[in-house]
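For reference, the structure is listed below as structure tokens.
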Amino acid sequence: MELFLDTAILDEIKRGAETGLISGATTNPSLAAKAGKDYNDVLKEICSIIKGPVSAETVSPDADGMVKEGVEFSKIAKNIIIKVPMTVEGMKACQKLTKKNIKVNVTLCFSANQALLAAKSGAFIVSPFVGRLDDIGEVGMDLIKDIRLIYNNYKFTTQILVASVRNPIHVLDAAKIGADIATMPYSVFEQLFKHTLTDVGIKKFLEDWEKVPKKR
Ligand code: G3P
């Protein structure tokens, strides 16, 4: 499973890239607002750091507007992919952009039928939001299981990108189900490295190392 960072904050992108474990990034208008910089500039910088797919989100309500925005974003860098929402207009835009060889990430997916429509529209990636489903008392991961089953049934190549990840358990469950990608805040990525017993183990080894006789 690929690990992406869900952020537009360049420092986090840089730190993530330095680990050698991050293969893409996702952004959206809310994350761009948090970054507090021109969106195109931020995307350009992210693409100079991360070589894998970097998602840029359109905001037009209609397909033609989304296509226009998508074409402009795609000029920023080769690895830009275009986020369109899961709406009728979004699916029209997905088909048009795909025909132009521009890759699409269908975002705001909350049901398996929506994911089916995204795959049939030629989406490169579909983004089901697990955390927001959990927030309203549904089980977000059940959606990932359903999408995995449907995509396997029909050999759809659309990649399942688990989004709205809030904790390491979301990442673990996504991997167990066989999702293709999980995108996460930097704070969750950091948590993946940690275990109390690792810290205890390192401390003990360092203490014992001090007791090892040394020639110099
Ligand atoms: O990738 C989509 C993600 O940014 C949404 O996350 O936490 O706002 O539901 P959240």
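Both counts, for ligands and for their atoms, begin at 1 and track the order of listing.
Which of Ala8, Ser127, Pro185, Ser164 comes nearest to atom 10 (P) of ligand 1 through a heavy atom is settled by distance: it is Ser164.
Counting heavy atoms under 4.0 Å from ligand 1, residue Asn28 touches it through the side chain alone.
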- Item | Step-by-step salt bridge (Lys or Arg N to Asp or Glu O under 4.0 Å) determination, Asp64 to Lys92 | CA-CA 9 Å; Asp64 287 345; Lys92 289 186 204 166; over 6 Å; no
- Message: Working note: Lys204 + Glu207, criterion salt bridge (Lys or Arg N to Asp or Glu O under 4.0 Å); need CA distance, chi angles, decisive distance, verdict.
- Response: CA-CA 5 Å; Lys204 176 86 174 92; Glu207 282 166 6; 5.5 Å; no
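On a distance-only criterion, Thr26 and ligand 1 share no N/O pair closer than 3.5 Å.
Nearest protein heavy-atom contact of atom 4 (O) of ligand 1 is Asp6 OD2, 2.6 Å. Looking at atom 7 (O) of ligand 1, its nearest protein heavy atom turns out to be Arg166 NE, 3.0 Å. Of the protein's non-hydrogen atoms, the one nearest atom 2 (C) of ligand 1 is Phe129 CZ, 3.3 Å.
No side-chain donor-acceptor contact under 3.5 Å links Lys51 to the backbone of Asn79. Using a distance-only test at 3.5 Å, with no hydrogens or angles considered, a donor-acceptor pair links the side chain of Tyr151 to the main chain of Ala115.
Residue Arg132 approaches ligand 1 through these ligand atoms, each under 4.0 Å from one of its heavy atoms: 5 (C), 8 (O), 9 (O), 10 (P). Each of the atoms 1 (O), 2 (C) of ligand 1 lies under 4.0 Å from some heavy atom of Ala163.
Counting heavy atoms from C-beta outward, His170 and Val162 have side chains that stay 4.5 Å or more apart. Contact check for Arg132 versus Ile136: no side-chain heavy atoms found under the 4.5 Å cut-off.
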